[in-house]
Every structure is written in structure tokens, then in C-alpha cells.
Asks: 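If you scroll down you'll find the structure; I have some questions about it.
Given the structure is predicted, the values throughout are model-derived calculations rather than measurements.
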Amino acid sequence: MENSSPAQDWGLTSAEWARYQRLMEGPLGVYSANLDPLTALGIEARTETELRRYAELQVLAEARRVEKLLVYQRAYDAAWQRLFPGLQPVMSPAAITTTPITNSPQRLAVFVRDDCPPCEKRVQQLQDGGTGFDLYMVGSGQDDSQLRQWATQAGVDPNKVRSGAITLNHDGGRWQSLDLAGDLPAVIQKVNSQWQRQ
């Protein structure tokens with residue numbers, strides 16, 4: 001089986017690939033060094049036809065990428081259940097850096113820290129009330145076992161984690177970036193595009 005070229009991988013002709021390489025040697029490559037070929041060519045499209053072509057290629061490429069991610073995520077979830085049926089899954093550090101704080105404006109983000117009885121109590125109250133939320137542990141040092149242990153101690157229902165009603169995440173500096181006053185626990189929600197404590 002013959003290997004495909006980089007141009008073919010992106011659905012581009014060799015001329016389009018050469019143009020992409022030239023563009024990335026100029027100002028576009030300086031401002032956006034890691035720009036993918038479809039975005040670069042789309043930004044620098046010379047006609048409406050080119051603009052539409054690159055936009056459609058990008059949508060198709062993203063759809064393929066997302067489908068592959070979903071297939072892998074399902075395989076990962078199944079492997080997790082086989083290997084660690086009693087442990088709650090934790091969102092991977094890669095996902096944390098690319099995922100917004102919450103997936104919907106109505107969803108709560110709950111920031112907690114270890115050795116914080118009020119944090120445990122607040123999480124229990126939210127869970128008992130049937131509220132879905134994304135939990136972020138501040139100062140966890142990306143230690144999955146610490147986060148899982150805290151969740152177990154706080155009485156987080158593993159079934160709710162498996163279903164996605166509650167997610168367990170490392171904070172990764174998000175709490176500090178929000179610049180909201182007050183101590184933890186913090187329950188926040190997006191209101192009119194602004195994060196506010198609840």
C-alpha cells in the first residue's frame with residue numbers, strides 16, 4: 001500500500017500544499033507558527049470559491065478527527081471499566097487544557113481543595129440535590145489518586161461520574177485565572193458571559 005503525501009492527508013493538491021508552505025514562510029507563519037494547512041489557506045483565500053472549499057475541507061477533517069476521538073474515548077472507557085472497575089475516572093490532563101471550564105452555561109463548576117471539610121459538605125449538598133457539576137481540585141498536582149481518594153471521601157457517587165453527571169478534574173490553574181474573591185469551596189456559574197459565585 002502506497003503512503004499518502006501530506007497534501008493528500010489534508011485533501012489538497014500538490015499546488016495547494018506548495019502555496020501553504022510558502023504562506024508559512026511569510027508573516028502568517030510568524031504570527032501563527034502551528035497553523036494547519038486548511039486554516040492557513042482559508043485565511044489567505046483569494047476567491048469565494050477557495051474560501052468555501054477550505055472551509056468545507058476543514059469541517060470534514062474536524063468531523064473525522066472528532067469521530068476518531070469518540071471511538072478512542074469509548075475504547076478507553078471500556079478499558080477503564082475492565083481494569084479499574086471500582087475507581088472513578090479522572091479527566092486526562094490533555095483534555096483539561098483543551099476543554100472549557102463547563103460545557104454549558106447552566107452547568108456549575110465546583111472548585112475544592114484537599115483537607116477541606118466545607119468542600120466535602122458542599123459537594124454532598126449539590127449531589128444530594130441532583131445537581132450536575134464539574135469538580136476541579138485546586139492544588140492536586142495532577143495526582144489522579146489524590147483526586148479519586150478525595151472524591152471517595154466526599155461521597156461522590158461513582159455512577160454519576162461514569163454517566164458524566166459529575167466530572168472529576170484537576171484545576172490546572174483555572175481557579176487562579178478566574179480571579180474570583182473568597183475561599184474554597186467555590187460554586188460558580190456563567191451568568192451573562194461572566195463567571196459568578198453561587
Side-chain angles (χ1 to χ4, degrees), residues 1-80 89-111 132-138 140-142 144 164 167-180 186 188-197:
M1 184 174 169
E2 192 175 318
N3 290 334
S4 62
S5 70
Q8 290 170 324
D9 290 341
W10 291 94
L12 299 171
T13 65
S14 55
E16 288 171 319
W17 184 258
R19 180 161 189 264
Y20 160 68
Q21 291 179 310
R22 284 194 305 275
L23 287 170
M24 295 307 287
E25 289 169 2
L28 185 63
V30 173
Y31 287 120
S32 305
N34 296 318
L35 213 53
D36 67 89
L38 300 176
T39 301
L41 290 167
I43 289 170
E44 295 294 333
R46 297 163 292 193
T47 65
E48 282 295 320
T49 303
E50 278 189 357
L51 185 64
R52 181 175 174 169
R53 170 174 160 69
Y54 298 131
E56 288 178 356
L57 284 172
Q58 182 108 42
V59 167
L60 291 170
E62 281 296 309
R64 284 191 301 271
R65 185 183 71 82
V66 168
E67 181 55 35
K68 287 178 182 178
L69 281 172
L70 290 173
V71 167
Y72 181 72
Q73 185 63 51
R74 288 190 287 271
Y76 176 92
D77 292 344
W80 184 275
V90 176
M91 216 170 159
S92 72
I96 290 166
T97 60
T98 59
T99 305
I101 292 178
T102 61
N103 293 326
S104 75
Q106 294 78 32
R107 195 162 167 91
L108 298 175
V110 182
F111 289 84
F133 57 88
D134 299 316
L135 183 142
Y136 295 88
M137 176 170 267
V138 177
S140 66
Q142 307 295 331
D144 289 357
T167 68
L168 303 178
N169 310 278
H170 298 290
D171 165 63
R174 291 178 177 197
W175 173 243
Q176 189 173 2
S177 73
L178 290 171
D179 199 26
L180 294 173
I188 66 170
Q189 188 173 30
K190 209 165 204 176
V191 178
N192 297 327
S193 301
Q194 296 291 323
W195 287 103
Q196 297 179 5
R197 290 184 80 120

Asks: Once you round to the nearest 0.5 Å, how far does OG1 of Thr39 lie from CG of Asn34?
Replies: 12.0 Å

Asks: Kindly write out the residues that satisfy side-chain hydrogen bond (donor to acceptor under 3.5 Å, both in side chains) with Glu62, not counting sequence neighbours, or none if the list is empty.
Replies: Arg65

Asks: Compare every heavy atom of Leu38 with every heavy atom of Ala61, then report the nearest pair and how far apart it is.
Replies: CB-CD1, 4.1 Å

Asks: Sequence neighbours left out, what passes ring-ring contact (aromatic ring centres under 6.0 Å, His included) with Tyr54? Give chain and number order.
Replies: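 Residues passing ring-ring contact (aromatic ring centres under 6.0 Å, His included) with Tyr54: none at all.
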
Asks: Say whether, by atom type as modelled, one donor and one acceptor occur between the side chain of Ser32 and the main chain of Leu35 under 3.5 angstrom.
Replies: no

Asks: Output yes when a side-chain donor or acceptor of Glu67 lies under 3.5 Å from a complementary backbone atom of Arg64, and no otherwise.
Replies: no

Asks: Which heavy-atom pair separates Phe111 from Arg174 by the least distance, and what is that distance?
Replies: CE2-CB, 4.1 Å

Asks: Any idea which heavy atoms bring Ala186 and Trp175 closest together, and the distance?
Replies: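 That would be CB-CH2, 3.4 Å.
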
Asks: Taking it one step at a time, do Tyr20 and Trp10 satisfy side chain to side chain contact (heavy atoms under 4.5 Å, CB included)?
Replies: CA-CA 11 Å; Tyr20 160 68; Trp10 291 94; over 6 Å; no

Asks: Using side chain to side chain contact (heavy atoms under 4.5 Å, CB included), reason through Leu12 and Leu57 one step at a time and then give a plain yes or no.
Replies: CA-CA 9 Å; Leu12 299 171; Leu57 284 172; 4.1 Å; yes

Asks: Considering non-hydrogen atoms only, spot the tightest contact between Asp171 and Val138 and give its length.
Replies: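 Smallest interatomic distance, heavy atoms only, reads CB-CA, 3.6 Å.
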
Asks: Not counting sequence neighbours, list each pair that qualifies as a salt bridge (charged side-chain N to carboxylate O under 4.0 Å, His left out) and has a residue in residues 36-48.
Replies: Arg46-Glu50

Asks: After noting the C-alpha distance and the side-chain angles of Val110 and Ile188, does the key distance pass the side chain to side chain contact (heavy atoms under 4.5 Å, CB included) rule?
Replies: CA-CA 6 Å; Val110 182; Ile188 66 170; over 6 Å; no

Asks: More than 12 non-hydrogen atoms from neighbouring residues, nucleotides or ligands closer than 6.0 Å to CD on Gln176, yes or no?
Replies: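 No, the 6.0 Å shell around CD holds no more than 12 heavy atoms from other groups.
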
Asks: Considering all heavy atoms of both residues, which atom of Met24 and which atom of Ala40 are nearest to each other, and what is their separation?
Replies: SD-CB, 4.2 Å

Asks: Quick one: does Arg53's side chain get under 4.5 Å of Gln58's, heavy atoms only?
Replies: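 Side-chain contact under 4.5 Å: no.
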
Asks: Which is it for Thr167 and Leu135 under the side chain to side chain contact (heavy atoms under 4.5 Å, CB included) test, yes or no, and what are the steps along the way?
Replies: CA-CA 6 Å; Thr167 68; Leu135 183 142; 5.9 Å; no

Asks: Please name the pair of heavy atoms, one in Asp144 and one in His170, separated by the smallest distance, quoted to 0.1 Å.
Replies: OD1-NE2, 2.6 Å

